[in-house]
Amino acid sequence: MISTRDFKEIFKVLPTASLIIAPNCPKFTVTAVNDAYLALTELSEKELLGKDFTAAFSHSQYLDWKKSVIKVLNSKTADKISTVRYVTHSKNDQDVVTRHVEIANVPILNPNNEVSHIVCSFVEIPDYNGMDAISQPQTHWESEPELLRAHQQYQTILENIDGVLWELNIETQALTLTNEYHRPILGYSKAEWQSSKEFWKRHLHPSDRELVSGYFDAQHYKSGTFNFECRMANADGRYVWLKNFVTVIADNEQPVILRGLMIDISENKRLNNVEYFEKKILKLNAKRGSKVENILTAYILGLEEILPDFRCTIHRVMHGRIYNWASPSLPRSYINAIDGLLLSKSIGSCGAAAYLRQSVIVHDIKYDLRWQKTSVMALATGLRACWSYPVINTEGEVMATLGFYSSEPRSPSENEEIIIKRAIAFLKVILESRIYSDQLEGNVKLLEEGQHLAKFGNWTWDTHTDVVRWSDYMFEIYGLDKNKDKITFEEYLNLLHHEDKERVSISIGGVLSTKKDIEYETRIVRPDGEVRLLKSWCKLKMGEHGEVISMLGACLDITDSRKAEQDVSANEAKLRDLVDSQTNFVVRVDLKGNFTYCNKKYEEVFGSCTEGADVFGSKYVKSVFPRHFKMVFDVAEKCLMQPGNVYQVEIDSITLEGRVIHTLWDMVCLTDKRGGPYELQAIGIDITEWKQKKSDVIGDVAGRKAIDAKSKAMHERYRDLFLHSPQPMWVYEVDTLRFIDVNEAAIKCYGYSREEFLSADTVMIKLAEDMHRYLEVTESANQEKNRVFQGVFRHQHKNGEVLHMDIRSNQMRFNDKDIYLVLASDITARINYFEGIERQNEKLKEIAWMQSHVVRAPLTRMMSLIDLLKMEESRNSENNLLFEYLLSSAIELDEIVKDISVKTPKV
């Protein structure tokens, strides 16, 4: 369809002089003229527009023209005057110009087949021979058919313009409407439009009034044409977007009239706004860290600007229920009331739309059956209509619903349906992309964190383009900047240690030729010179036809773990060397009496002890003097009975050379994780020389020093036994309860570091509710001057876990202080086991009692009732009563048996 602006331009520049007159006989008011007619008559629009036909053309030669116009009005068909003499005067009235023209008058009919306008066209006849135009009529006009068709097209265009044609008198500011399209746009009558020159100004949107006033400034008139957009309130109070195309009509170069076309661009504006804010939402969605709730809220607010008559909402569908996702304009009380409703075809529009997987249009909430259960809440907040649409993903699952609430009963219009369908499609894209991106981001983040924790990276190499792609942690492993350093296969080889480069290159080349996966270790040199050890894997990615697509690989930094392995091995070797270098004898045997370890000192003196050999076998019985066998067995039995306790025994031993030496042994039973006996450990020293010299050095200062030195050495040996004992041990002051020393087993058992132990007192590892009992036991031991006490106490691990510990304490004097040496055993598992047995025994006792007492009572009653029934003297009424008692007892017995049956499986 030709736009109004195009129509005006076409009419204005038509080469044929034309004017349009109204069919108001006999005046025939002039309503429009084009530039060609103004040039022909040398008149201005101001002199012609709005003037009567007869007043404008009063010359006698125009009578035939008037007759022709009346004929056209009556017949509703075109008419022509072949030749008319047309006399005009110059502006100074000194020159008279006579022209001869041919005139065609064409009626324009409206839909009711009535003449709405008459188009008059004038064609000047050049080189006329001077004959009187009236006496010598022209018999042929070659352009008549074309002219008639042009006027008919012009009239059709005029009547079919989708807009309001208006004129504004610049001087009086009076507005005149020239066609009948104004009512469908704004809903006002023509009389209302023209009732006041302020009418159109009052209905402008407040934000547009200053803008529109600026367009009516005099400087815009000089341009000849201009256009502008504004909003005007229609009859029902809603604002409509309008675009005005304006032409300035001048007289003597002075603007006198503004002639314009006003068209409704609300839908185009609305769609443009949709595109604008959709782009805005997409940018917000692409922004890293943006929350989906904020994105949906911004989208709803934009949608409500485009559809101002509605309050919109998005509900998330999860686990068969709807939950509020974004509803910025709905009352919070209403949102809270419907949040979490079950999906159902009979609970509101949104729940039904999600349940039925199709749109649900409720014209009036008050009378719709689907709103029976929730209409009270909606009506209380002024909601009368609700349309809901499911948002379904590509897998056919309902992700959300988009709802539109109106304060008036209504259904969606065609234009609203277009916007809503677009909104549903847009939401589907946003939500799906958001869900997938969140999942992908979570997986990537998890992978990155996992790679970082494991010091693990991965890479791909496109063997065709030599493009290498590394994960972020690969750059961290190699000490490179991912934003600056670009990696190729050659660059990768340059990062390897020079001694490994050729080997790795050959290995990777072998993968390409053999198509077999490989695993290898290599050293790399970081830019700062640090050498790292890596373990790598690589494999090929093959195409459908066996062609190589790319190579995939992974890389693990094993520098620290390899160093740790080497440190552990070195520490084990040092520890073994330390034990082997001891002047003490160290042996271990399992519970069957088989050797598990003996140090070099023992082998040097008593012979080798092959692992697994019987310590009391014929080969090793010589290491213990026969008269001391029983003593050794007795001490070993004590150790097994009291794991963790150290027992001392002094025996005579026989060396390889057959010499008898005096030895002092400290024996202890080591326990496993459950606190059970595991191995016997014995540490011994040769005290032969000490015993021989003991009597000689008494009273001798030099001898005393030797004894002190020997005692010091023995103290150091005992300290090693304390620190390396597998049982938790610690030493604390009696007065302050502060820890003095603690061994590695205690550190491992309680989870505290050595520093934490030595900076605290024993209260740290005890439960607060057991402190009074512990203090009572220690106080009782002190009062009774009992230097040894034993008991089971509840202690507390660093992580809060309760430990049941079997405590054995010996009080002694050390550095002028009273101290306790404590040996502990973790018996938590054993206590839990016994408690479980006790609970089970209680249940068994309860069941046994029920069987012996509760079950017995109804049985006794039943037996008595049966004896009574056997008596012939009983009457019928008494029998009935006895039967009732019998039945009641049977029911009671049945219930008791059921109760026993229920409790029995729990035992």
Side-chain angles (χ1 to χ4, degrees), residues 639 642-648 666 668-671 675 681 683 707-828 830-831:
C639 291
Q642 300 292 332
N645 284 0
V646 179
Y647 295 93
Q648 198 171 79
D666 289 322
V668 64
C669 178
L670 307 180
T671 58
Q681 176 178 283
I683 302 175
I707 293 173
D708 290 341
K710 199 71 167 178
S711 298
K712 186 176 180 180
M714 291 180 65
H715 173 76
E716 291 297 330
R717 294 189 185 100
Y718 284 123
R719 175 162 179 78
D720 289 342
L721 177 64
F722 169 81
L723 292 177
H724 299 293
S725 172
Q727 292 296 109
M729 297 178 68
W730 60 86
V731 179
Y732 70 92
E733 293 183 11
V734 175
D735 296 333
T736 64
L737 302 182
R738 295 190 65 82
F739 287 102
I740 297 176
D741 203 355
V742 62
N743 71 349
E744 291 296 328
I747 292 172
K748 184 182 297 184
C749 179
Y750 288 94
Y752 293 100
S753 65
R754 177 178 296 279
E755 292 74 15
E756 288 175 320
F757 267 110
L758 298 182
S759 63
D761 54 33
T762 58
V763 177
M764 177 180 71
I765 62 174
K766 293 180 172 59
L767 285 178
E769 51 267 33
D770 287 0
M771 278 300 300
H772 67 282
R773 175 171 170 265
Y774 172 73
L775 295 175
E776 289 176 357
V777 172
T778 55
E779 182 66 21
S780 175
N782 292 334
Q783 291 177 356
E784 296 175 4
K785 297 183 179 181
N786 185 4
R787 307 186 69 83
V788 178
F789 76 90
Q790 176 182 352
V792 176
F793 297 90
R794 291 189 300 171
H795 285 185
Q796 184 170 276
H797 192 273
K798 185 177 181 180
N799 62 11
E801 180 185 354
V802 176
L803 304 174
H804 294 277
M805 305 297 294
D806 186 2
I807 301 298
R808 293 172 175 81
S809 301
N810 292 333
Q811 185 177 352
M812 59 186 67
R813 193 78 178 167
F814 179 75
N815 290 341
D816 296 329
K817 293 181 180 179
D818 290 327
I819 64 171
Y820 270 113
L821 173 64
V822 181
L823 180 67
S825 297
D826 185 356
I827 61 171
T828 305
R830 192 190 314 167
I831 293 294

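A 4.5 Å side-chain heavy-atom check between I765 and F739 finds at least one atom pair inside the cut-off. Within the 4.5 Å cutoff, no side-chain heavy atoms of C749 are placed close to those of H795. Between D818 and R813 the shortest side-chain heavy-atom distance falls below 4.5 Å. Taking 4.5 Å as the limit, every side-chain heavy atom of Q796 sits out of range of all side-chain heavy atoms of K766. The shortest distance between side-chain heavy atoms of M805 and Y750 falls below 4.5 Å.
Checked by atom type and distance alone, the side chain of R754 pairs as donor or acceptor with a backbone atom of V742 at under 3.5 Å. Panel note: side chain S809, backbone V822; no donor-acceptor pair is recorded below 3.5 Å. D761 places no side-chain N or O within 3.5 Å of a backbone atom of L737 that could act as its donor or acceptor partner. Here the side chain of R808 pairs no donor or acceptor atom with the backbone of A824 at under 3.5 angstrom.
Atom CG of D741 and atom OH of Y732 lie 14.5 Å apart (nearest 0.5 Å). The CD atom of Q727 sits 8.0 Å away from atom SG of C669, with the distance rounded to the nearest 0.5 Å. Summarising the geometry, atom CD belonging to E733 is positioned 11.0 Å from atom OG1 belonging to T762; distances are rounded to the nearest 0.5 Å. To the nearest 0.5 Å, the span separating OH on Y820 from CG on N810 amounts to 9.5 Å. Rounding to the nearest 0.5 angstrom, the gap separating the CZ atom in F793 from the NE2 atom in H804 is 13.5 Å. Taken to the nearest 0.5 Å, the CE atom of M764 stands 7.0 Å off from the CD atom of E756.
Residues A746 and W730 share a closest heavy-atom pair of CB-CE3, 4.2 Å. Contact record, I747 with S753: CG2-CA, 4.4 Å, taken as the closest heavy-atom pair. The two residues V646 and D666 have their closest heavy-atom pair at CG1-CB, 4.0 Å. Between A745 and P728, the shortest heavy-atom distance links the atoms CB-N, 3.6 Å.
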